[in-house]
Structure formats: structure tokens, C-alpha cells
Amino acid sequence: MPTPIATPTETDVLIVGGGLGGVAAALAVCRAGRTAVLTEETDWIGGQLTSQAVPPDEHPWVEEFGVTATYRALREAIREHYRRWYPLRAEALELLRLNPGAGRVSKLCHEPRVALAVLEAMLAPHRAAAAGWRRLPTGQGRLTVLTDHRPVAADVDGDTIRAVTVEDVRDGARHTVAAPYVIDATETGELLELAGVEYALGAESRAEHGEPHAPETADPLNQQGITVCFALSHHEDEDHTIDRPDGYDFWRSYRPDFWPGPLLGFLAPDPRTLAPVERTFVPNPGADPLDVSADQSADAGDKELWEFRRILARRLHRPGAFDSDITLVNWPLNDYWLKPFVGAGAETSRAALAGAREQSLSVLYWLQTEAPRPDGGTGFPGLQLRPDVTGTADGLAKAAYVRESRRIKAVTTVTEQDVAIDIVGPYGRTRHRDSVGVGGYRIDLHPSTGGDNYIDIGSVPFEIPLGALVPRRVRNLLPGGKNIGTTHITNGCHRLHPVEWNVGEVAGALAAHCLTEGVRPHQVQAEDKEFEDFARVLDRSGVQRHWPDIRGY
């Protein structure tokens with residue numbers, strides 16, 4: 001039986017969804033001296049970084065600028081965790097910019113459990129701090145975290161959400177929490193639907209915003225594929241082959257119309273050019289990750305699958321500490337796009353998740369039994385699922401990596417014309433009077449449930465307008481993740497870890513600021529004086545709102 005938790009019936013800010021945006025929102029609310037309840041459907045906070053097992057996708061300048069102070073603190077605490085507790089070689093210990101996995105996708109590839117430990121530590125003081133608020137139960141901390149809880153209903157009065165009911169997924173118990181402000185930090189924007197908040201879903205038509213890469217016809221069920229990630233190590237001369245998945249024959253023979261070969265294969269489109277590219281797969285390569293003469297570029301790593309999302313590099317540690325690297329499988333082979341995960345009903349969502357899980361297991365079985373080896377043989381039976389890394393019994397991630405959410409109909413909608421390099425030019429920039437953060441990433445859309453291949457467009461570093469966090473109608477709900485006012489196209493560069501954290505942090509800070517100052521989010525966004533007051537709050541907390549001149553980088 002789950003351990004009972006004293007659940008507040010009222011709080012200052014209710015944050016539904018405990019991913020990166022939800023955690024950042026909770027920290028911002030509590031730093032402002034306000035109380036918060038944070039709910040999360042899985043038993044791990046951290047979303048993309050933990051329960052979905054996705055190393056951070058970040059822009060090239062992340063080590064110098066372009067993230068909030070708290071996101072930078074998260075990154076440095078992850079590195080410090082490795083320095084303190086892992087048997088790193090002396091040379092690795094001395095690295096200012098330690099990359100524990102020496103992966104190519106990010107300057108900081110690491111294990112999900114390490115991120116979880118750091119995020120829990122960041123929240124711990126606020127969970128322990130006395131709330132000092134008469135409406136909370138005696139002994140309740142400033143922050144209450146309810147894992148294993150999902151939203152099931154919302155009490156709405158006109159343009160205001162009065163309360164949200166969450167259900168314990170373990171025993172079905174329900175709790176209703178009222179709050180003056182509610183933040184939807186769920187992975188799919190599900191609170192938007194529950195509360196009747198106007199939202200966009202899937203692909204808008206080209207006519208709606210004039211975006212060059214939007215389709216002619218709108219299709220809410222045309223969404224980027226989801227991925228069920230998993231972690232692997234490799235042990236030569238051992239056999240860890242899993243049972244043949246029930247759907248393996250389908251996945252083994254499946255060849256999408258827009259793919260250059262079978263999906264279970266190392267030949268896949270280059271996301272930018274769509275030209276066929278042969279990937280390689282070499283478990284536990286012998287190269288020293290600290291060898292600066294080796295090609296460490298992301299482009300090179302994208303062709304070599306083992307190193308691309310490697311999250312533990314054995315050669316960074318003292319000899320004998322680890323007998324294998326650990327790599328994270330989030331590849332073209334296990335993107336699932338046969339059914340939409342969001343907005344087509346619970347039955348379709350369950351079927352999509354089941355299909356994605358079966359696809360990932362089929363990828364593993366193919367790797368273990370049929371994948372071509374460099375020596376001319378087939379199969380890598382020494383590949384071993386790592387349930388200890390993902391925190392699950394079956395070795396798959398706790399939750400699917402969801403790239404695309406419901407998105408609020410916002411005061412400001414960010415479109416392709418705001419960020420695409422072909423439109424604004426290499427040094428162009430859309431300046432926002434109400435900028436509350438920055439981000440940077442290519443417009444990166446994976447193959448979709450509508451049959452689209454990759455859409456991968458160059459973009460410029462961008463500002464995040466507060467108007468994209470303010471719903472057009474509802475007064476007291478704020479988005480805390482991928483559900484801000486972007487389009488299907490621009491979601492592709494706003495869905496990454498640092499931007500989600502930035503959005504959540506701003507949402508939490510805005511809710512606390514509005515409570516303290518007696519203003520509403522719409523006023524803060526629209527009125528210069530009110531926005532300037534809030535901007536000073538963000539500046540003091542280390543939220544970078546504008547990019548420096550990056551021509552020299």
C-alpha cells in the first residue's frame with residue numbers, strides 16, 4: 001500500500017506535472033516564499049531528464065550563456081555528483097566541463113538517476129521548510145510533492161480554474177487541491193483539456209500563420225512520434241537476448257514509404273537533407289573519450305549510434321570500475337508514429353504507448369540477433385537491458401518521450417517567421433518587448449503520425465515572449481512546459497530541456513509575483529510598468545532574457 005501523504009486542500013500555486021518545467025516552477029514559487037503542491041504521474045520527478053531517460057538537448061553556447069541560473073546550477077550539480085561519488089580518472093576529475101557519458105548529443109550526457117538525485121536535493125529544503133500558512137495541515141512543508149498522481153478533473157468557474165482533482169495511480173484515491181494559480185506542466189498539456197482552456201494540437205494549416213513548412217491542411221492528429229527509450233550495456237561472450245517480442249515480425253518487415261530501407265536497420269534519412277545515411281554501431285569502442293585528436297563533433301556522433309547518447313563512459317573512470325559503457329537508445333529506429341499519443345482518446349493513447357514499447361523491444365531483439373556487425377557476423381547477444389538505470393522492472397523508460405504537447409492559444413504565438421534562419425537571416429532576431437528567457441535549437445521535427453518525414457530547419461537563437469505563456473482567455477492558468485504558444489513547427493525548437501526549464505521557472509515566478517503584487521498575468525504582459533517590475537524579479541534571479549551578440553562564437 002502507498003504511504004499516506006498529508007495533502008493540502010489549498011495552496012498558493014498548484015503545479016500539475018513534475019517534469020523539468022514543473023520542478024523549475026516549484027523552485028521559483030518556493031523561493032518567493034509561497035506554498036506549492038507539485039504532482040507527477042510517475043514516481044520520478046524530472047520528466048525528459050529522468051523518467052523519459054533523455055540526455056539534455058542543448059544549444060552550442062550552453063556553457064557560457066543562454067540558460068537560467070538555476071538550470072546552470074542543475075547542470076553543475078550533476079557534474080559535482082560524478083566528481084564526488086564516481087571513480088573518475090584524475091584527468092577526468094580535473095575537467096571543468098565534465099561530460100560523464102562523453103556522448104555526442106550533449107555537452108552533459110548522464111544517467112537519469114543522477115539527475116533525479118540532484119533534482120530531489122534542489123527541492124528538499126522547500127519540502128522541509130515550515131509553510132507558515134494557516135490553511136495547510138500542521139507540519140506541512142512549503143512544498144508538497146505528490147508522485148504517482150495524475151489529473152482527472154478541474155473545477156472551473158468562467159475564466160478561472162478553482163481547483164484540480166488528482167488521482168493516485170496506485171490505489172485510485174482522489175484529492176482535490178484549490179489554488180489561486182494553476183500551472184499545467186504535464187507532458188501532454190492534459191490539464192488544458194480538462195479545464196476547457198483553448199489549445200492547439202498537431203499541425204496548423206499554412207493559411208493560419210503563413211508558415212512555409214506548415215501543411216496545406218490542418219490536422220490535430222499529425223504529431224511528432226513518441227519514443228520509449230531504454231539503456232544498454234554490452235558484455236562480450238555473454239548472452240542477454242530477450243524473448244522474441246510478439247510484434248517482432250511486423251517491425252522487422254516494416255518499411256515506411258519515406259524511409260530508404262527497413263526501419264529496423266542502420267540506414268536512415270539524414271534529418272536535414274533526407275538523403276540516406278548509413279549509421280554504425282560499435283559497442284564499447286576503444287577510443288579514449290579524453291583524446292582531443294578524435295572527432296568529437298555531433299555530426300560525426302550522429303552516424304555512430306553507441307556514442308551518440310552514451311550516458312556513462314567506462315574509460316573516464318579508473319580501470320576495472322565499469323566493464324561496459326552505458327548508452328541510451330533514442331534513435332531513428334525506435335521513433336513511433338503509427339498512432340497519435342495525444343488527443344485521439346484514451347484507447348488510442350494506450351495503443352500508441354503499447355506500440356512504442358513493443359517497437360523498442362523489437363529494436364533491441366533485432367540488435368541482439370540480426371543487426372550486422374563490423375566483423376561480418378550478425379547480432380550482439382551481449383547487449384543487456386539496464387532496468388537499474390531506468391528504474392523499471394522491464395528496462396524501458398518509465399514514460400514515453402513526448403515531443404509535442406497540446407499548446408495554449410496564447411496572447412502571442414511564436415511562428416516559423418520568428419525563428420527560421422532562412423527568413424530572419426543568420427544574424428536576424430525577433431525582439432520581444434516582453435522577453436522572459438532565451439533558447440536556441442534547430443527546428444527539429446521527427447517523423448509524424450501524419451506521414452511526414454523529418455522537418456529540420458536552421459533557426460536562430462530566440463527570445464521567449466511572456467505573451468506565449470499567457471492564455472487568451474483564462475485568467476489563472478499558466479503553461480509550464482512544451483504547452484506554450486508555439487506552433488507545430490516552432491515547437492520543434494522550443495521543446496528542449498533548457499527551454500522547458502526556463503518556461504516553468506518563469507511560470508512559477510509569475511504566479512508568485514501576481515499573488516504578491518495583486519496583479520494578473522495579462523496585466524503583467526500588456527502593461528509596460530507591470531512588466532518592468534516583473535522583469536526585475538527575473539533579472540535578480542538570473543533569468544537571461546536577451547542574447548548577447550553571438551557573431552564571435
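Computed from a prediction, not measured in an experiment: that's the story for all the values here.
Under the 3.5 Å distance criterion, with hydrogens and angles disregarded, a donor-acceptor pair is assigned to the side chains of S448 and N222. In this structure, a donor-acceptor pair under 3.5 Å is absent between the side chains of T165 and E167. Using modelled atom types and a 3.5 Å distance limit, the side chains of T415 and T487 yield no donor-acceptor pair. No side-chain N or O of H497 forms a donor-acceptor pair with one of E58 less than 3.5 Å apart. If you check the side chains of E204 and H209, you find no donor sitting under 3.5 Å from an acceptor.
Looking at every heavy atom in both residues, P340 comes nearest to A352 through O-CB, 3.8 Å. Between V166 and P151, the shortest heavy-atom distance links the atoms CG1-CA, 4.0 Å. Shown here for V197 and L477, the closest heavy-atom pair between the two residues is CG2-CD1, 4.3 Å. What you find for I15 and A25 is that their closest heavy atoms are CD1-C, 3.8 Å. Across all non-hydrogen atoms, the minimal contact from Y336 to A351 is OH-O, 4.2 Å. Smallest separation of non-hydrogen atoms from L469 and A507: CD2-N, 4.2 Å.
Remark: the backbone N or O of T11 is not paired with any side-chain donor or acceptor of T35 at under 3.5 angstrom. Judged purely by atom type and a 3.5 angstrom limit, D184 uses its side chain to pair as donor or acceptor with the backbone of L192. Listed for the S459 side chain is a donor-acceptor partner under 3.5 Å among the backbone atoms of Y441. Looking at N502, its side chain does come within 3.5 Å of a backbone N or O of V436 through a donor-acceptor pair. Put simply, the side chain of S106 gets close to the backbone of P56: a donor and an acceptor are under 3.5 Å apart. In this structure, the side chain of T449 engages the main chain of L221 through a donor-acceptor pair within 3.5 Å. When atom types are taken as modelled, the side chain of N476 and the backbone of P180 share a donor-acceptor pair closer than 3.5 angstrom. The backbone N or O of V414 sits less than 3.5 Å from a side-chain atom of T490, completing a donor-acceptor pair. A donor-acceptor pair under 3.5 Å is absent between the side-chain atoms of R150 and the main chain of T39, judged by distance alone. In this structure, the side chain of E40 engages the main chain of T42 through a donor-acceptor pair within 3.5 Å.
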Practice task
For side-chain contact (heavy atoms from CB on, under 4.5 Å), just list the numbers for H149 and D168, CA-CA rounded to whole Å, side-chain angles, deciding distance to a tenth of an Å, and then say yes or no.
Solution key: CA-CA 4 Å; H149 281 73; D168 192 321; 3.6 Å; yes
Practice task
Might you work through the side-chain contact (heavy atoms from CB on, under 4.5 Å) test for K107 and R75, ending with a clear yes or no?
Solution key: CA-CA 10 Å; K107 300 176 187 294; R75 298 178 85 255; 4.2 Å; yes
Handout entry: Test log, rule side-chain contact (heavy atoms from CB on, under 4.5 Å), inputs R34 and T516
Key = CA-CA 9 Å; R34 293 287 175 171; T516 299; 3.6 Å; yes
Exercise for the section: Just do the side-chain contact (heavy atoms from CB on, under 4.5 Å) check on F534 and V506 with the steps written out, would you? Expected result: CA-CA 10 Å; F534 179 56; V506 170; 4.2 Å; yes
Practice task
Could you walk me through whether E532 and K529 pass the salt bridge (charged side-chain N to carboxylate O under 4.0 Å, His left out) test, one step at a time?
Solution key: CA-CA 5 Å; E532 289 167 7; K529 168 64 168 59; over 6 Å; no
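In this structure, the side chains of Y401 and Q48 come closer than 4.5 Å at one or more pairs of heavy atoms. Side-chain contact between R429 and V424 is absent, with no heavy atoms from C-beta onward closer than 4.5 Å. Using a 4.5 Å heavy-atom cutoff, the side chains of T9 and T176 are not in contact. Side-chain contact between V67 and H59: present, with at least one pair of heavy atoms (C-beta onward) separated by less than 4.5 Å. T430 has its side chain out of reach of V419: every pair of non-hydrogen atoms, C-beta onward, lies at least 4.5 Å apart. Residues V342 and E404 are not in side-chain contact: their nearest non-hydrogen atoms beyond the backbone lie 4.5 Å or more apart. At a threshold of 4.5 Å between non-hydrogen side-chain atoms, the residues R545 and D539 count as touching. Two residues are said to be in side-chain contact when any heavy atoms from C-beta on lie closer than 4.5 Å; L353 and V228 meet this criterion.
Rounded to the nearest 0.5 angstrom, L38 CG and T144 OG1 are separated by 9.5 Å. Interatomic distance, L496 CG to L20 CG, rounded to the nearest 0.5 Å: 11.0 Å. Atom CG of L27 is separated from atom CG of L74 by 9.5 Å, given to the nearest 0.5 angstrom. Rounding to the nearest 0.5 angstrom, the gap separating the OG atom in S405 from the CD atom in E190 is 9.0 Å. One distance of note links CG of D12 with CG of L515; it measures 5.5 Å at 0.5 Å rounding. Remark: R475 CZ to I161 CD1 distance equals 12.0 Å, nearest 0.5 Å.
With respect to R79 and E76, a salt bridge is recorded, a charged nitrogen being found less than 4.0 Å from a carboxylate O. Ion pairing between a basic and an acidic side chain is recognised when a charged N comes within 4.0 Å of a carboxylate O; K398 and E187 show no such pairing. Electrostatic pairing of E505 and R31 counts as a salt bridge here, judged by a charged N lying under 4.0 Å from a carboxylate O. Between E517 and R536 there is no salt bridge, since no side-chain N of the basic residue sits under 4.0 Å from a carboxylate O of the acidic one. A salt bridge is absent between D57 and R495; no separation between the charged side-chain nitrogens and carboxylate oxygens falls under 4.0 Å. A salt bridge is defined here as a Lys NZ or Arg NE, NH1 or NH2 lying under 4.0 Å from an Asp or Glu carboxylate O, and D335 with R403 meets this definition. The pair E198-R473 meets the salt-bridge criterion, with a side-chain N (NZ, NE, NH1 or NH2) lying under 4.0 Å from an Asp/Glu carboxylate O.
Using cut-offs of 30° and 60° for the angle between ring planes, the W547 and F65 rings count as perpendicular. Aromatic ring orientation, W337 versus F258: tilted (interplanar angle from 30° to 60°).
Taking the ring centroids of F462 and H494, they lie under the 6.0 Å cut-off.
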